[in-house]
Undergrad: 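First the structure, then my questions, so here it is.
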Protein chains: 2
Amino acid sequence: MSRILLHPTREQIELPGVMDCLSDPIRLAIVYNLAKREKEVGELRCGDFYGLSGKSNLAYHFAKLREAGLMETRAVGTARLMKLRREDLESRFPGLLDAVLASAERDAERLQLPVLEFTEA
Amino acid sequence: MSRILLHPTREQIELPGVMDCLSDPIRLAIVYNLAKREKEVGELRCGDFYGLSGKSNLAYHFAKLREAGLMETRAVGTARLMKLRREDLESRFPGLLDAVLASAERDAERLQLPVLEFTEA
DNA sequence: TCAATAGTTCAACAGACCTTGAACTAAGGA
DNA sequence: TCCTTAGTTCAAGGTCTGTTGAACTATTGA
C-alpha cells in the first residue's frame, strides 16, 4: 500500500479527464453512489463498491477518479475513505457535476446504475 | 457516399455516449465551434473543420458525434451541413451542454481549442 | 462528357483501455 | 506472534480507439 496518494490541485483538474471518467459506466456508478450518500455517511470505503466489480478493477477505477480530480482519498488504518471533490469541481466547471448527476438519476434504470448498500463510517 | 445518415431519436440519446464524445479533444473542438458559430451561420460543413485534422479522421469523429446524438447532418449537394442538436440535448440532459461549453470557453487556451474560420453557408 | 470538389469507406497499425487473477503490503485483532 | 482484513500492484489478455493514406462515390460546373 503506497503511502502517497496523488491528487491534482483544483487548478490542475482538466475537463477532458473529468468527462472521460464520467463516460465509463463503473466510474459513473461510483460517482453516482458517492454523491447519493455523501450527506448521510460522508466518506465511503472501497469495500462499499464490491457490488460493482472486483477489488483490483475497482482500485484501477478509483485511481483514475482520484488522478482526474473527481474524488479525494485518505487512508485510515487499512481502509481508504473517499469523497467527491464537490467544491473543487463546482469551482472549475460550474453546474457540470449537478447536470450529470441529475441526468444520471433520471436515467438510473436505463443506465443500470446500482444503488449500493453502505457500511457504517 | 452513403445515402442514409443514421441519427438516434431524442429518447435514444445516452449519457455515457455523450460524455465519451465530449472527452475527446477533437470532438470537443468540433462541438465548441459548432456552438460558437451556430447563431451566425447556422450549419457548418465538414470542410470548415480541416484545421482540426484530416478528412478521413474528421469523418470518423463526425460519425461518432452523429451516432451519439450530438449533431444532425443533412446532405446538400456534395456538402454535409451539420448543426448541434441543442434542444434534444437540453431535453435529455438539462444544463449539461451549457455547463460543458461554458467550462470549455473558460479553459479554451489551456485546452488549445482552436476557433476556426468558416465559409459562407 | 470530363474534371474538380466534397466527403465516405476501407484496411492497417499503434496505443490506450478495461478486466482478471495472483502476488504483495500494511494495519488490526486474537 | 499469527491470522485476517483492506486494499494495491503487477503482468497478461483481449478489445476498443484514434489516426493515416489510398481508393471510392456522388455532385457540380465547364
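No hydrogens, no waters, no symmetry mates; every other heavy atom, side chains included, goes into these values. It should be emphasised that the depicted structure is a prediction, and the values quoted were computed from it without experimental measurement. The chains referred to below are lettered A, B, ... by the order of the sequence lines, with proteins before strands, and numbering in each begins at 1.
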Undergrad: Which heavy atom in Gly95(B) sits nearest to a heavy atom in Ala99(A), and how many Å separate them?
TA: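 Looking at all heavy atoms of both residues, the shortest contact is C-CB, 3.9 Å.
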Undergrad: Counting C-beta onward and ignoring hydrogens, is there a side-chain heavy-atom pair between Lys83(A) and Leu44(A) closer than 4.5 Å?
TA: no
Undergrad: Hey, is the main chain of Leu116(A) close enough, under 3.5 Å, to the side chain of Arg37(A) for a donor-acceptor pair?
TA: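 Answer holds: yes.
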Undergrad: Roughly how far apart are Phe49(A) CZ and Lys55(A) NZ, rounded to 0.5 Å?
TA: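 Those atoms lie 15.5 Å apart.
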Undergrad: Could you tell me how far apart Leu28(B) (CG) and dT17(D) (P) are, to the nearest whole angstrom?
TA: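 Distance check: Leu28(B) CG to dT17(D) P gives 18 Å.
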Undergrad: What are the atom names and distances for every N/O pair under 3.5 Å that joins the protein to nucleotides 28-30 of chain C?
TA:
none

Undergrad: Do Glu14(B) and Leu111(A) touch side chain to side chain, with heavy atoms closer than 4.5 Å?
TA: yes
Undergrad: Just how far, in rounded Å, is C1' of dC17(C) from CG of Asp24(B)?
TA: 14 Å
Undergrad: Kindly compute the distance separating NE2 (His7(B)) from CD1 (Ile13(B)), expressed to the nearest 0.5 Å.
TA: 10.0 Å
Undergrad: Classify the nucleic acid contact of Gly47(B) as base, sugar-phosphate or nothing, counting any heavy atom under 4.0 Å across all strands shown.
TA: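 Sugar-phosphate: the residue Gly47(B), judged by heavy atoms under 4.0 Å, touches backbone atoms but no base.
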Undergrad: Over how many whole Å does the gap from Arg45(B) atom CZ to dA6(C) atom C1' extend?
TA: 8 Å
Undergrad: Starting at atom OH of Tyr50(A), determine the distance to atom P of dA6(D), rounded to an integer number of angstrom.
TA: 7 Å
Undergrad: Mind checking the CD-NZ spacing from Glu105(A) to Lys36(A)? Nearest 0.5 Å is all I need.
TA: 3.5 Å
Undergrad: Measure CG/Leu22(B) against C1'/dG18(D) and give the value in whole Å, please.
TA: 17 Å
Undergrad: Could you give the CG-to-C1' distance, from Leu5(B) to dT9(C), as a whole number of Å?
TA: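 To the nearest whole Å, that distance equals 13 Å.
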Undergrad: Give each stem of DNA chain C as a range with a range, requiring at least 3 consecutive Watson-Crick or G-U wobble pairs whose two distances are under 3.5 Å.
TA: C:1-17 with D:14-30, C:19-30 with D:1-12
Undergrad: Group every Ile, Leu, Val, Met, Phe, Trp and Tyr by side-chain heavy-atom contacts under 4.5 Å, then state whether Leu101(A) and Met71(A) land in the same group.
TA: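 Yes, Leu101(A) and Met71(A) fall within the same hydrophobic cluster.
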Undergrad: Under 4.0 Å from any atom of DNA chain C, heavy atoms only: list the residues of residues 29-36 of chain A that qualify, in numerical order.
TA: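 Heavy-atom contacts with DNA chain C come from no residue of residues 29-36 of chain A; none.
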Undergrad: Roughly how far, to the nearest 0.5 Å, is CG of Leu22(A) from CG of Leu70(A)?
TA: 5.5 Å
Undergrad: Only pairs at least two apart or in different chains count here, so list each salt bridge (Lys or Arg N to Asp or Glu O under 4.0 Å) that has a residue in residues 86-95 of chain A.
TA: Arg10(A)-Asp88(A), Glu38(A)-Arg86(A), Arg85(A)-Asp88(A), Arg86(A)-Asp98(A), Arg92(A)-Asp107(B)
Undergrad: OP1 or OP2 of dT8(D) versus the side-chain N and O atoms of Arg80(A): is any pair under 4.0 Å?
TA: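 Yes, within the criterion.
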Undergrad: If I take atom CZ in residue Arg74(A) and atom P in nucleotide dG7(D), what distance separates them, rounded to the nearest angstrom?
TA: 13 Å
Undergrad: Could you identify which residues of residues 56-69 of chain A place a heavy atom less than 4.0 Å from some atom of DNA chain C, listed by residue number, or say none?
TA: Ser56(A), Asn57(A), Tyr60(A), His61(A), Lys64(A)
Undergrad: Mind checking the CG-CG spacing from Leu28(A) to Leu15(B)? Nearest 0.5 Å is all I need.
TA: 6.0 Å
Undergrad: Check whether Ser103(B) reaches the backbone of Val100(B) with its side chain - one donor and one acceptor, N or O, closer than 3.5 Å.
TA: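 Side chain of Ser103(B) to backbone of Val100(B), a donor-acceptor pair under 3.5 Å: no, none is there.
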Undergrad: Measuring from atom SG of Cys21(A) to atom CD of Glu67(A), what distance do you get when rounded to the nearest 0.5 angstrom?
TA: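 Rounded to the nearest 0.5 Å, the SG-CD separation comes to 9.0 Å.
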Undergrad: What is the distance, rounded to the nearest whole Å, between atom CG of Leu52(A) and atom C1' of dT19(C)?
TA: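 To the nearest whole Å, that distance equals 14 Å.
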Undergrad: Can you give the donor-acceptor pairs under 3.5 Å from side chains of residues 56-64 of chain A to other protein atoms, not counting sequence neighbours?
TA:
unit_1	atom_1	unit_2	atom_2	d
Asn57(A)	OD1	Ser53(A)	OG	2.8
His61(A)	ND1	Arg27(A)	NH1	3.1

